[in-house]
Amino acid sequence: MCGIVGFVGKRGASPVLIEGLSKLEYRGYDSAGVAILDGDKLNVTKCKGRLANLEEKLKESPLVGSVGIGHTRWATHGEPSDLNSHPHTNEDGTISVVHNGIIENYIHIREWLISKGYKFVSETDTEVIPHLVDYYYNGDLIDAVMKAAAKMEGSYAIGVVCSKEPDKVVAVRKDSPLIVGLGKGENFIASDIPAILNHTRDIYLLNDNEFVVLTEQGVKLLTAEGDEIKRDIYHVTWNADAAEKGGFEHFMIKEIHEQPKAIKDTMTSRIMPGKPVTLDDITITKEQIANIDKIYIVACGTAYHAGVVGKYAIEKLARIPVEVDIASEFRYRDPIINERTLMIVVSQSGETADTLAALREAKAHGARVIAVTNVVGSSVSREADDILYTWAGPEIAVASTKAYVTQLIAMYIIALFFAENKNSVNSEEIEKIKAAMLELPEKAEEVLKHKEVLQKFASKTYMHKDMFFLGRGLDYAVAMEGSLKVKEISYIHSEAYAGGELKHGPIALIEKGTVVIALATQLGLFDKMVSNVKEVKTRGANVLGIAYEGHTEIEKTVDAALYIPRTHDILAPVISVIPLQLASYYMAVQKGCDVDKPRNLAKSVTVE
Ligand code: M6R
């Protein structure tokens, strides 16, 4: 989704804004722009396409000034074009605005402003904002932005500059991420931490409906009523390098390689042999756990797939019924929620609009909410009752990899925590699972050594138009994730099916040469899965089988086999997903796709 950067200081704003926007490229965008104040002159440069196009324009006609706002736009209202790009300005070019989110009542505001004589040039919802601020402007920018915000419905993070007050940037957030960076003699706003990490590690996390006035001298946080807010500084401990490629060709492959460490970090101080699961940010009591009669796991995309594994793990270990829901469906299907319901929301970014809305829906009906998220201070972490951070480190590639495996670890941690509190599994079994979990980083490292098989597989299959992923039980959950990876970065149509479901329709699509990736890790289901593989082989499919080391009998049925280290069956997804991530990565590279920034996708989907 869109990225925002704002800067006030002594140095030139242009390079700071461009550098910040480049760190937000991962969010997905199709145009970019900046507005910079040169004394009382406000200059805007913007264009369709990559940031490099904007840089080229700025090289030809540099913008001078040390106060400005910048934006990368992911089109929602109006096609990607120079005109629809942000910043948008009022008619006399004195006020400029960047915006992330959607102004839901923009048609109404637009008509109202037109009736007052305002003229519009773009198709965007955003353009109402500079005109609204203009309408209310009476010599006080913050007052005008507050009045404009009071009129707007929807979600927004907004940065505003005005040539009549050339020393400041004013900002506000509601349901859209925005942070404030505190420098020495310079200050920043940004959609995400990497955008400002080269300049400062001290930040303010903003809450909804909080306003910011940024000047060279300092930062003022205000409520919608104009009262000043005192906020603790959050000090970022991770390094800027964590958000760089570090010698890898793409962020995705770097992040795939970071998985062993991420898995370990997510377990550290939580999973210890012979000790109960320890969770610092979870305050739910034994009695409250005993009282839960239903769990909803709600999430989108990859996080939803982690939730599917979570259902298996929680039901198996804690014996509590779990439903997994796609967040965008959950909020509209009138689910049965009460005080005995627990919701677990899973979100890497912690800002996904649908997930956040589902969380609010559950809370409004009295449910307790646990947030599993990777981003400290994100919206879901602030609104949930309990938090379990997945310590994956910054994930920049749009295609989620290390966030997924850490979400799986979080699911196991929660399942074990509930099981211990409910005494639903004997302690030997719990210890067995914990011991197996602690071996996962090493085993993940081992799988990363089998790249050649996958490179070879990718070079033979990357031109295919369709692909199938098959699995049973937990392998099916992983198949769904593998299939999503292939779709999003390799642009190959792909379907994931539960092995037993094949005969009920999809087998009609299998013909000579159809590519199938079959997962056969689950011991109790191995023979059944082999039968399903035979069904597709008989019809001419070209099958890559994934099984535990030692299960060489699979070779009799498949065209190529890849073996992963043996682990406790319940934990297999953490290991078996890695070959699928690598296969989709190599297919995307072979096809020449933009691996880290796939077309039409955004890293963090902050609009509905
Ligand atoms: O930040 P979230 O985990 O809430 O994001 C959810 C999905 O948008 C995300 O997992 C998406 O499906 C990824 N592109 C998958 O690789």
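Each ligand, and each atom within it, is numbered from 1 in the order the structure gives.
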- Task: With heavy atoms only and a cut-off of under 4.0 Å, state how Glu351 meets ligand 1: side chain, backbone, both or neither.
- Result: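 Near ligand 1, Glu351 shows nothing, with every heavy atom at 4.0 Å or more.
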
Check ligand 1 against [X] and write out every atom of the ligand that is under 4.0 Å from a heavy-atom position of the residue.
X	result
Lys485	15 (C), 16 (O)
Ala399	16 (O)
Ala303	3 (O), 10 (O)

- Does Leu601 reach ligand 1, in the sense of a heavy atom lying below 4.0 Å from it?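 No heavy atom of Leu601 comes that close to ligand 1.
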
- Any heavy atom of Ser604 sitting closer than 4.0 Å to ligand 1?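 It does not, in that no heavy atom of Ser604 comes within the 4.0 Å cut-off of ligand 1.
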
Strictly by modelled atom types, are [X] and [Y] linked by a side-chain donor-acceptor pair under 3.5 Å?
X	Y	result
His250	Glu255	no
Gln259	Gln581	yes
Glu481	Thr302	yes

Can you report which non-hydrogen protein atom sits closest to [atom], along with the distance?
atom	answer
atom 7 (C) of ligand 1	Cys300 O, 3.6 Å
atom 8 (O) of ligand 1	Val605 CG2, 4.2 Å
atom 10 (O) of ligand 1	Thr302 N, 3.1 Å
atom 16 (O) of ligand 1	Glu488 OE2, 2.4 Å
atom 3 (O) of ligand 1	Gln348 N, 2.6 Å
atom 1 (O) of ligand 1	Ser349 OG, 2.6 Å

- Message: Quick test of your reading of the structure: of Thr355, Asn374, Thr352, whose heavy atom lies closest to atom 4 (O) of ligand 1?
- Response: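 When every heavy atom of Thr355, Asn374, Thr352 is considered, Thr352 comes closest to atom 4 (O) of ligand 1.
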
- Quiz item: cation-pi between Arg50 and Tyr29, 6.0 Å / 45°: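 Because its charged atom sits under 6.0 Å from the ring centre and within 45° of the axis, Arg50 does stack over Tyr29.
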
- Item | CA sep, side-chain torsions, deciding dist, call: Lys487, Ser483, side chain to side chain donor-acceptor pair (under 3.5 Å) | CA-CA 6 Å; Lys487 285 190 251 267; Ser483 174; 3.2 Å; yes

- Mind checking whether Thr126 and Ile103 have side chains closer than 4.5 Å, heavy atoms only?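 No, too far: nothing below the 4.5 Å cut-off.
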
- Task: Would you name the heavy atoms of Phe418 and Ile289 that are closest together and state the gap between them?
- Result: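 For Phe418 and Ile289, the tightest heavy-atom pair comes out as CD2-CD1, 3.7 Å.
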
- Taking everything shown except Lys261 itself, do over 12 heavy atoms lie less than 6.0 Å from its NZ?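 Not more than 12 within 6.0 Å, no.
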
- Answer yes or no: does an N/O atom from Ser347 fall short of 3.5 Å to an N/O atom of ligand 1?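 Between Ser347 and ligand 1, an N or O pair is found under 3.5 Å apart.
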
- Looking at ligand 1, does any of its N/O atoms fall within less than 3.5 Å of an N/O of Val398?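 For ligand 1, there is an N or O atom that lies under 3.5 Å from one belonging to Val398.
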
- Message: If the threshold is 4.0 Å, N to carboxylate O, is there a salt bridge linking Asp594 and Arg599?
- Response: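 Answer for the salt bridge query: no.
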
- Does a salt bridge link Lys443 with Glu446, judged by any charged N lying under 4.0 Å from a carboxylate O?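 So Lys443 does not pair with Glu446 through a salt bridge.
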
